[in-house]
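Naming convention: chains lettered A, B, ... in sequence-line order (proteins, then strands); numbering from 1 in each chain.
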There are 2 protein chains.
Amino acid sequence: MATKYVYFFGGKETEGNAEMRDLLGGKGANLAEMAGLGIRVPAGFTVTTEACVYFFKNNEKFPPFLWEEINPNLKQMEKLLNKRFGDRDNPLLVSVRSGARVSMPGMMDTILNLGLNDDTVCGLAERTRNERFAYDCYRRFISMFGNVVLGIEGEKFEEIIEILKARQKVENDAQLSAADLKSLVKKFKSLVKKIAKKEFPHDPFEQLTLAVEAVFKSWNTPRAAVYRRMNGYSDDWGTAVNIQSMVFGNMGETSGTGVAFTRNPATGENKFFGEFMINAQGEDVVAGIRTPRPIAELKKEMPEVYKELETIYKKLEIHYQDMQDLEFTIQEKKLFLLQTRSGKRTAAAAIKTAVDFVDEDLIDVNTALSRIPAGQLDQIFHPMVDPTSKAKVLAKGLGASPGSASGRAVFSPERAQEMALKKEKVILIRMETSPEDIQGMSVAEGILTAKGGMTSHAAVVARAMGKPCVSGCGGLTVEVKKKRCTLNGVLITENDYITLDGSSGTVIEGKALLIKPRISSYFTKLMHWAENVCALKVRANADTPHDALVARDFGAQGVGLCRTEHMFFNVERILLVRRMIVAKNAKEREEALVKLLPIQRNDFKQIFKVMAGLPVTIRLLDPPLHEFLPNTPGEIKTLAREMRIGASALSKKIQSMKEINPMLGHRGCRLGITFPEIYRMQVRAIVEAACRLVQKGTKVYPEIMIPLVGHINEFRAVKEMVVAEASAAIKKANVELDYKIGTMIELPRAALIADEIAREADFFSFGTNDLTQTAYGWSRDDSGSFLPDYLEKGIIKVDPFVSIDQEGVGQLVKMAADKGREANKKLHLGVCGEHGGDPASIEFFHKTGLDYVSCSPYRVPTALLAAAQSALKNGEK
Amino acid sequence: MATKYVYFFGGKETEGNAEMRDLLGGKGANLAEMAGLGIRVPAGFTVTTEACVYFFKNNEKFPPFLWEEINPNLKQMEKLLNKRFGDRDNPLLVSVRSGARVSMPGMMDTILNLGLNDDTVCGLAERTRNERFAYDCYRRFISMFGNVVLGIEGEKFEEIIEILKARQKVENDAQLSAADLKSLVKKFKSLVKKIAKKEFPHDPFEQLTLAVEAVFKSWNTPRAAVYRRMNGYSDDWGTAVNIQSMVFGNMGETSGTGVAFTRNPATGENKFFGEFMINAQGEDVVAGIRTPRPIAELKKEMPEVYKELETIYKKLEIHYQDMQDLEFTIQEKKLFLLQTRSGKRTAAAAIKTAVDFVDEDLIDVNTALSRIPAGQLDQIFHPMVDPTSKAKVLAKGLGASPGSASGRAVFSPERAQEMALKKEKVILIRMETSPEDIQGMSVAEGILTAKGGMTSHAAVVARAMGKPCVSGCGGLTVEVKKKRCTLNGVLITENDYITLDGSSGTVIEGKALLIKPRISSYFTKLMHWAENVCALKVRANADTPHDALVARDFGAQGVGLCRTEHMFFNVERILLVRRMIVAKNAKEREEALVKLLPIQRNDFKQIFKVMAGLPVTIRLLDPPLHEFLPNTPGEIKTLAREMRIGASALSKKIQSMKEINPMLGHRGCRLGITFPEIYRMQVRAIVEAACRLVQKGTKVYPEIMIPLVGHINEFRAVKEMVVAEASAAIKKANVELDYKIGTMIELPRAALIADEIAREADFFSFGTNDLTQTAYGWSRDDSGSFLPDYLEKGIIKVDPFVSIDQEGVGQLVKMAADKGREANKKLHLGVCGEHGGDPASIEFFHKTGLDYVSCSPYRVPTALLAAAQSALKNGEK
């Protein structure tokens with residue numbers, strides 16, 4: 001049997017359902033589902049994603065009998081609606097929309113009012129007895145089709161409208177007369193002819209063919225590709241195309257259109273939330289060009305319609321067991337649902353709705369846990385403006401995406417990217433955002449727009465990215481070319497600092513004081529559930545008592561990585577450290593180390609105290625020593641004076657320590673072997689700190705980690721030194737202390753000989769950052785010169801420093817874990833690279849059978865949730 | 001049964017034989033063997049290496065019943081010689097010598113005349129009726145024992161002798177009277193008491209116990225450890241101790257001692273070769289303190305003895321089927337053999353003797369091939385002083401180790417090492433060398449000594465190291481502290497250049513013109529045998545037509561690595577290359593590339609021509625582009641002027657291209673992906689060059705190699721580009737061209753996904769240099785800061801950049817080879833890292849089943865021989 005490429009929806013003839021989203025796309029599947037539930041949707045049909053895949057696999061050709069399938073479906077629509085496609089007197093108009101298996105808001109293209117031409121527009125005018133409406137539809141169709149299908153810039157059409165409005169002295173489109181719109185149609189058609197070098201197509205079937213083709217192609221636009229890459233979606237899925245009969249929100253004051261969420265997508269509050277516009281088509285709302293009205297006002301405006309909408313949204317939420325994002329149109333007081341889908345929400349909203357849904361008995365705990373995107377969880381720790389500070393508010397807009405951020409003002413996405421490359425924090429300020437702005441938005445700290453509501457492009461994208469956004473900021477005017485804007489008359493030029501509060505919608509002058517938010521009870525409940533489900537333990541990377549405290553509060557089950565060198569950078573200590581480094585011999589070095597000992601001991605004591613009862617893994621000194629030395633002549637001079645040595649001698653020493661490839665240089669246990677006195681001091685500090693606490697009855701579990709081991713003899717040599725030093729200290733303190741000795745597995749060679757190491761080690765901690773650098777041969781610091789190109793060209797799908805390269809680096813992790821466990825059944829396995837906080841990587845580590853992951857304190861909840869999700873998905877390890 | 005730790009030798013009671021060298025050490029086993037053959041050796045016994053191993057494993061304690069075993073053996077000696085150990089009237093004196101399973105000349109300690117004390121010395125004097133002789137023995141014994149057992153510097157004893165000689169106004173020791181020697185004994189004993197803080201031990205049994213202990217301990221002296229590490233010997237072998245009755249070469253004019261080789265160890269000439277001294281003990285010859293006489297003169301001096309020696313040496317050579325190195329002593333015209341062992345020889349001598357032995361029907365071809373140390377083969381390509389040049393000869397000495405070298409004069413091994421670290425070439429100039437000088441010798445280009453003969457320490461070690469050496473240079477006096485010497489009155493100070501010709505024994509002023517030597521017919525014969533036996537093919541790394549020609553002459557079976565970038569550094573081209581690099585856009589880059597194309601094409605054409613009929617693997621551009629750019633402000637200014645751009649803009653550009661870890665940076669195929677136009681030009685140059693030759697009937701087999709692949713998509717993207725470019729060029733030329741596309745496997749990740757790559761590649765070439773850097777996480781350029789320490793501390797046994805790390809890096813090679821062959825049966829496998837010329841690595845590659853190794857042109861013979869040896873040892877792969 002030939003593949004079925006077309007599925008009908010609407011009324012009883014509906015063929016699809018919500019389960020078929022991979023084939024019909026999310027929109028098509030949900031339209032079919034709603035029709036199946038008896039909810040009124042404009043009838044239509046879906047061309048499947050398989051047709052799109054075929055199209056790209058076959059040199060952009062449609063499947064052979066596609067149109068033989070489409071035509072009967074079109075006939076079915078004509079029959080159901082009693083209209084005919086292309087008929088002069090009673091024309092059927094359709095929308096053509098993309099719909100991929102996952103929602104990619106604003107990413108792909110849509111065409112409305114297709115089927116209009118110079119003939120059918122007259123029929124429409126006559127039937128609706130509204131010439132103005134008919135030409136409004138027609139001019140919208142020409143500009144959309146011209147833009148999406150013929151590739152003419154939308155601005156060109158806008159310019160023509162602006163000139164006309166200026167000439168007619170009107171402020172908005174709605175004030176244009178039928179005659180004005182007629183003249184617009186003429187002008188639009190000549191614009192098309194001039195730029196596309198052909199007449200605007202008259203034949204509705206030709207219009208439809210070109211439109212379907214254009215929607216398919218929209219799957220492969222750069223902006224769609226970027227969006228997929230950012231979200232980890234496959235390029236191979238393709239998009240479906242929905243051809244649906246038009247309903248009109250722009251048929252006057254009894255018509256309208258809107259989008260709504262069944263609950264508040266920013267906070268999760270259980271209250272219907274949305275916006276609508278009277279006498280407008282759907283694109284007006286989503287594109288954020290006009291500022292719409294809150295949904296509550298619809299109740300007064302059209303009470304029956306609102307009541308019906310209320311019934312429907314509740315029905316849908318219960319049916320889907322999830323918060324829904326709806327699109328609807330009211331055509332002459334008749335309500336049509338155009339779309340329903342799982343609503344995008346902030347992490348805070350995701351948590352609250354999931355917990356509420358459990359309380360409402362709609363879903364169970366495991367479903368609630370599975371539903372929250374773990375990667376976005378740390379959004380809830382976004383800072384907010386200190387309410388007690390005296391911030392100068394420049395303007396107010398909509399609090400479109402929560403959290404606060406400060407940065408330098410920029411007015412174009414390109415400039416945002418340039419400055420981000422220089423590590424500048426920027427706030428992107430635009431009249432409105434469009435999909436072309438995506439990359440600029442992704443590097444900005446926050447987004448501010450003059451136009452657009454809570455569901456505008458800027459708002460939706462910012463929420464998805466977890467960035468603060470203030471939209472619809474009336475007091476804002478932007479002059480892109482002059483690189484400046486005014487906020488209620490205050491001039492802001494490029495590089496000036498501003499602060500956004502995306503929760504309250506305020507724009508603040510300069511850099512405001514930001515504070516960390518409080519944690520909600522919903523969050524606490526969720527974390528509690530997660531901990532019960534986790535198989536992997538979650539520890540934190542913490543270098544200071546403060547970090548350790550934060551981590552423990554978030555549920556960390558120990559410290560997985562305490563980097564002793566971070567303590568070295570402290571201003572009071574750096575001179576001692578430098579003295580130790582430039583020491584002329586072991587004796588001088590010892591002298592400096594003797595002074596460092598009590599300082600390090602106290603550091604460890606504080607961390608052990610905070611983590612009482614839990615393991616604390618301390619890594620011995622790792623970075624190359626030259627990293628602690630100054631670089632500029634001025635700094636060197638200062639240091640030389642402080643150290644009372646000659647500046648030129650010091651400079652020479654520093655020069656001689658420089659390395660060509662410091663990543664592969666004199667660091668890690670190589671330091672411990674060439675300068676054993678440094679490691680000895682550190683071990684003494686660790687063990688003495690632990691012993692002193694044990695003497696006071698505190699439970700301390702130190703784990704001493706030897707970095708950068710590649711050869712078994714490195715491990716043996718350092719272990720011997722550690723044991724000797726530790727035994728002496730323990731003996732001296734006369735206590736019982738249980739400590740462990742292990743190593744980082746961060747070099748390919750270590751993974752290759754993991755069995756040998758495991759026979760002598762208590763634990764492995766995978767340092768997946770360095771393992772990625774060495775396995776791939778990629779310097780993290782230098783990969784910026786080719787990695788963006790690699791992502792752009794699809795050489796790799798994901799930055800391997802963000803999510804672990806399971807195929808290559810992961811193979812080494814698995815090899816080392818298997819070899820290690822084989823050789824030592826008691827071997828404890830963890831991860832302390834940055835992948836320890838990445839949900840996809842955590843799932844991999846769970847499946848590989850590790851015991852724990854360790855991540856930065858604020859990622860602990862994310863890791864706990866991801867670990868819980870992984871356990872639910874993959875079963876107990 | 002308890003372990004037997006002691007074996008007797010001498011006469012019919014001999015217990016051991018030559019097969020037992022692991023247990024008895026080389027010296028002990030061969031003494032037993034000689035005794036077994038009926039050759040006269042002083043009777044004695046060997047304490048086994050197992051006793052030494054026991055000693056070190058048990059906290060430096062002897063095995064429990066060792067002395068219960070030694071005593072009967074001592075009795076047996078007493079019986080055989082009719083003397084008694086410690087007997088006042090007829091004392092048995094013994095030597096105590098180390099003897100490991102392999103010869104470590106001068107590395108370990110020896111004590112002669114043990115058993116003497118204030119009583120027995122009288123007995124000896126009476127029995128020999130030679131008081132002078134007896135006290136000469138006694139004073140030698142005290143100084144050796146003092147030095148070896150009690151750790152007193154030899155110089156201290158020498159000083160006392162020098163003072164005495166000066167007072168007595170005599171020139172050499174032999175002129176000292178019995179009374180002088182008696183006073184020396186007294187002085188030596190008080191020196192011992194003063195420094196060792198105890199009396200010199202009187203009891204011969206105590207002397208023996210301490211001596212055996214000291215010999216055991218000498219196994220672990222730093223200089224012995226260094227020697228083992230340099231030669232790849234295990235620390236675990238231990239040394240045997242030979243306790244042997246003394247015979248005396250210093251009993252007057254009818255006595256003497258000597259060392260000899262059955263053939264010339266420098267040239268291989270089949271002529272008895274050696275030296276002797278009248279009235280001397282063996283240590284005088286080996287230590288090189290007195291200059292001995294050529295062995296031929298012994299014929300006149302003692303014709304019967306010489307005749308007996310001749311019979312013995314011929315017997316031994318036939319018995320051992322190898323050239324022998326003998327030690328003998330003549331005591332009152334009676335000849336004793338003290339040692340025989342396989343003689344160390346130069347590579348040239350090894351080749352000639354092996355070929356001669358085959359011609360003489362002593363050994364077969366395979367034995368001949370196995371016997372030549374492949375790693376030393378390239379010695380024969382050592383340069384020599386151009387005989388047509390007008391070199392100013394400063395002095396003449398003995399041509400102790402062939403080859404020539406120039407370098408800066410240094411006078412201490414420490415200074416030699418310091419200067420070598422700065423990449424200076426040095427010639428080490430000493431009065432004589434001793435084992436303490438080993439490390440200095442190993443970094444020097446050549447060695448010059450005032451004293452010592454052809455078998456002196458300097459000569460033996462230099463030959464083993466394959467370095468030129470001139471010894472016994474009479475016109476030389478050295479002033480170490482003043483850092484200068486005179487050569488027949490000409491003053492040479494540190495840093496002055498001199499040249500040694502170790503073949504003729506001449507010392508030449510300044511840097512002489514050196515030329516490459518001619519190849520002997522023996523070498524050609526050997527290479528022919530090797531080629532017939534090899535399983536691995538041997539290719540060469542050749543970047544120029546000249547390199548390719550040299551390689552082909554040496555028997556290279558293709559080019560395994562042609563580094564295109566080396567062509568870029570040529571003065572005429574570098575400006576074009578730099579233009580290409582700093583191009584502001586692809587168009588500017590293309591313009592520079594268009595000019596480079598014909599140049600590269602011609603390079604390839606020349607190499608293809610030389611290698612007609614053989615494969616040539618060309619690697620596309622690999623190093624980071626910034627390597628081609630200038631660094632200093634001056635150079636940048638010049639370049640900016642040449643390029644007609646601003647110096648500060650250029651400087652900025654260069655700065656922006658700098659990388660933190662260039663080894664892991666923007667290089668290899670990463671360049672090909674970000675700047676495809678560069679690779680396209682190179683492919684066009686390769687294919688066009690090949691096509692033009694094919695048109696003329698030349699057989700060309702280009703293999704295009706994509707460097708630094710880590711991800712399958714990198715390989716795919718570049719391959720696609722290569723195929724497109726190559727196909728176009730082939731089509732245009734309208735010829736048939738068979739070319740291959742493959743990759744370097746030089747990143748751990750590439751090895752991990754080798755199956756994926758193999759499905760799309762024709763060949764792999766292992767880049768084991770970079771694979772070692774990434775697997776170990778060691779930057780070759782930076783490892784100098786810890787690698788010496790690692791070798792010193794025994795963390796690693798061999799520098800993994802010299803000989804492949806079989807356990808780690810080798811595991812990756814094996815993994816990639818296995819995965820690759822599994823996925824693609826036709827996959828061709830080779831190695832192009834520097835390990836391709838290292839015999840141990842070659843054996844590993846043979847066993848791993850690779851198809852070929854590729855090495856530098858002058859290493860081709862070494863590789864061929866090593867490949868043949870590996871095939872003989874391990875069978876066909």
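- The number of heavy atoms from other shown groups lying within 6.0 Å of NZ (B/Lys57) does not exceed 12.
- Between atom CD of residue B/Gln811 and atom CG of residue A/Leu752 there is a gap of 4.5 Å, rounded to the nearest 0.5 Å.
- A/Leu664 has its side chain out of reach of B/Asp782: every pair of non-hydrogen atoms, C-beta onward, lies at least 4.5 Å apart.
- Atom CD1 of B/Ile795 sits about 12.5 Å away from atom CZ of A/Phe715, to the nearest 0.5 Å.
- The structure places CH2 of B/Trp778 at 10.5 Å from CG of A/Leu747, a figure rounded to the nearest 0.5 Å.
- In this structure, B/Asp781 contributes its side chain and A/Ile660 its backbone to no donor-acceptor pair below 3.5 Å.
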- Would B/Ile796 and A/Asn713 count as a side-chain contact (heavy atoms from CB on, under 4.5 Å) if you check the C-alpha gap in whole Å, the side-chain angles of each, and the deciding distance to 0.1 Å? CA-CA 7 Å; B/Ile796 54 168; A/Asn713 287 341; over 6 Å; no

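- Neither the backbone nor the side chain of A/Ser783 comes within contact range of chain B; no heavy atom of the residue lies under 4.5 Å from a heavy atom of that chain.
- Using bins of under 30°, 30° to 60° and over 60° for the plane-to-plane angle, the ring pair A/Phe786/B/His666 lands in the tilted bin.
- Within 6.0 Å of NZ in B/Lys793 there are more than 12 heavy atoms belonging to other residues, nucleotides or ligands.
- Residue-level contacts of residues 765-774 of chain B with chain A, in order of numbering, are B/Gln773, B/Thr774; threshold 4.5 Å between heavy atoms.
- Using a 4.5 Å heavy-atom cut-off against chain B, the contacting residues of residues 797-809 of chain A are A/Asp805, A/Glu807, A/Gly808.
- Within a 6.0 Å sphere centred on CD of A/Glu588, heavy atoms belonging to other residues, nucleotides or ligands number more than 12.
- Only the side chain of A/Glu756 comes within contact range of chain B, with at least one heavy atom under 4.5 Å from a heavy atom of that chain.
- Among A/Gly777, A/Gly668, A/Gly710, the residue with the largest count of heavy-atom pairs under 4.5 Å with chain B is A/Gly777.
- Ranked by heavy-atom pairs under 4.5 Å with chain B, the first of A/Arg716, A/Glu659, A/Arg667, A/Glu746 is A/Glu659.
- Highest contact tally toward chain A, considering only B/Ala750, B/Pro748, B/Ala717, is held by B/Pro748 [criterion: heavy-atom pairs under 4.5 Å].
- You'll find the side chain of B/Ser785 stays beyond 4.5 Å of the side chain of A/Arg670, heavy atoms only.
- In this structure, the separation between CG on A/Leu708 and OH on B/Tyr776 is 12.0 Å, given to the nearest 0.5 Å.
- Counting heavy-atom neighbours within 6.0 Å of A/Lys814 NZ, excluding the residue itself, gives a total of 12 or less.
- Inter-residue side-chain proximity for A/Met815 and B/Met815 is flagged as met; some heavy-atom pair is nearer than 4.5 Å.
- Side-chain contact between A/His711 and B/Tyr790: absent, with no pair of heavy atoms (C-beta onward) separated by less than 4.5 Å.
- To the nearest 0.5 Å, the span separating CZ on A/Arg780 from CG on B/Asn661 amounts to 12.5 Å.
- Sparse packing is recorded around NZ of B/Lys652, with 12 or fewer heavy atoms of other residues, nucleotides or ligands lying under 6.0 Å away.
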